[in-house]
Amino acid sequence: MIRSITLAVAALVALVALAQPATALVAGDPMPGGDLPLLATDGRAVTVAELTGRRGTLVLFTCVHCPFVAAWQDRMAALGNSYRKRGIGVVFINPNDPARIPLDAIAPMRAQAREHGYRFLYVVDTTSDLARAFGARHTPEAYLFDAAGHLVYHGAIDDNAHDPAAVRHRYLRDALDAVAAGRRPPVGEVPSLGCALQLRPPGRHDPAKPPGTQP
Amino acid sequence: MATATTPIATVLYPVDGPHLLAEVRAGHAPLTLVHLWAAWCPPCVEELPAVMEQWRHARGRGVRLVLVSADLPETVPAARTLLGRIGIRHPTYVKQGADTPFIRALAPDWSGTLPATLFYDRAGHLVRWWEGKRSAADYAAAIDALLPRPCPEGPP
């Protein structure tokens, strides 16, 4: 009898584990991974803690290869360029392993930043541990923190990747407006379709080499 | 002239979230597996043949498979080519319309990450879901756990 109950409980635990995706940050959580190593496309070694803004911070997981990133690209760049001037720290982060997705290496990232006029830092998560700390799942995926460093918005750029003219809800822009004004965003979390992250294996750190440095 | 490497012409039927859910419910299958994928998504491409294999094992027990491509219009031709290349003739939908209502109609807690796998019972209620690539054993275990048990024939 006891053995049956034990087996039933074990099966239930296994089923629950099977059903639940990895845990992500939730509203109110502090920004994690502030000391993890990042490498900017301009060659600087930075941490996300150094990139916070006085009114808030936008951390946007993105990449080069993903069609959803391409669809949202111009809107994402415009938001980053605009709100960094309004006291929001802005950092775009690519956590993908270029050994698995060569298009997500730093050279294509530099070209992407140049082509789309990024005037904020675009960085490599050189261990992919920042993405793990956030519980990030796909690109693009936005995390917006308030001035105190607590998560106030997570998720979509807007409600239509493919057709900018058909967008009805500009979720991230609305959240950025609120945070820049010292208010809480009207919506805290909105899902969006995206490309599953292809992270480096745990424990691997791609060494940070400034541009032009020989290995 | 068709050759062994010519892709099979595959039609992708446009569908939004509410209509997809209605289609799932209209099937009245004991268990419906909705699998969402995209041609540009490496784990999706890796997993798709295994999903088909798991369904082939389970379809005799009443499991219905609904494939849904989340490709954007510019990548739909690649999706069609991929289906042809791996020999999938199964009816396949392609997601239409805004993302957020699509996600919320199908599985409110799904982050939108692809691939995603959603299981619905005969009444069309979501009974299990996951996002990301899973093993064949995960699929087999979920199907075994979720398929309704046959009614006992009577008291011993």
Side-chain angles (χ1 to χ4, degrees), chain A residues 11-12 14-26 61 63-72 96-97 100-104 134-141 154-164 166-171 187 189-199, chain B residues 17 36-47 68-76 78-79 94-119 126-135 137-146:
Chain A
L12 187 61
L15 287 180
V16 169
L18 188 63
Q20 302 304 322
T23 305
L25 291 186
V26 296
F61 288 94
C63 65
V64 181
H65 86 279
C66 174
F68 277 93
V69 169
W72 265 307
N96 284 336
D97 180 358
R100 301 173 73 181
I101 304 182
L103 258 183
D104 281 326
F134 273 67
R137 297 167 192 172
H138 59 250
T139 56
E141 187 171 1
H154 167 217
I157 313 302
D158 56 46
D159 66 354
N160 199 317
H162 174 63
D163 187 358
V167 170
R168 291 185 179 182
H169 300 284
R170 295 176 169 82
Y171 298 114
V187 176
E189 183 156 27
V190 179
S192 68
L193 293 175
C195 303
L197 299 185
Q198 303 285 296
L199 302 181
Chain B
L36 297 113
W37 60 281
W40 40 261
C41 156
C44 302
V45 174
E46 291 165 12
E47 186 183 39
V68 185
S69 155
D71 281 275
L72 295 166
E74 54 268 34
T75 59
V76 164
V94 59
K95 175 243 166 205
Q96 297 287 291
D99 300 342
T100 312
F102 180 81
I103 293 168
R104 287 186 168 150
L106 294 181
D109 294 331
W110 171 33
S111 78
T113 300
L114 297 168
T117 302
L118 319 171
F119 294 91
L126 182 68
V127 289
R128 178 89 52 91
W129 67 279
W130 61 64
E131 54 189 38
K133 183 181 157 191
R134 289 292 185 99
S135 69
D138 286 341
Y139 279 89
I143 289 168
D144 284 346
L146 297 172

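The structure presented is a predicted model; accordingly, all values stated were derived computationally and were not measured. So that the names make sense, note that chain A is the first sequence line, chain B the second, and so on, each numbered from 1.
With rounding to the nearest 0.5 angstrom, the CZ atom of A:R168 is 11.5 Å from the OG1 atom of B:T100. Taking NE2 of A:H162 as the start and CG of B:D71 as the end, the distance is 12.0 Å to the nearest 0.5 Å. B:C41 contributes atom SG, which lies 7.0 Å from atom CD of A:Q198 (distance to the nearest 0.5 angstrom). Taking CG from A:L193 and CG from B:L114, the interatomic distance works out to 5.5 Å, rounded to the nearest 0.5 Å. Separation of atoms CG (A:D159) and CD1 (B:I103) is listed at 10.5 Å; rounding is to 0.5 Å.
Taking the side chain as every heavy atom from C-beta outward, A:C195 and B:W40 approach each other to under 4.5 Å. Looking at A:P67 and B:E74, their side chains never come closer than 4.5 Å, going by heavy atoms from C-beta outward.
Interface remark: A:H154 contributes no atoms to any contact with chain B (heavy atom separation under 4.5 Å). Only the side chain of A:A71 comes within less than 4.5 Å of a heavy atom of chain B; its backbone N, CA, C and O stay farther away. Heavy atoms of B:K95 lying under 4.5 Å from chain A belong exclusively to its side chain. Both the backbone and the side chain of A:A161 come within contact range of chain B, judged by heavy atoms closer than 4.5 Å. When heavy atoms are compared at a cutoff of 4.5 Å, A:F68 approaches chain B by way of both its backbone and its side chain.
Scanning all heavy atoms of the two residues, the minimum distance from B:E131 to A:R137 falls at OE2-CD, 2.7 Å. Nearest heavy-atom pair, B:S111 versus A:H138, reported as atom, atom and distance to 0.1 Å: O-CE1, 3.0 Å.
Considering only heavy-atom pairs separated by less than 4.5 Å from chain A, the leading option among B:P43, B:G112, B:A38 is B:G112.
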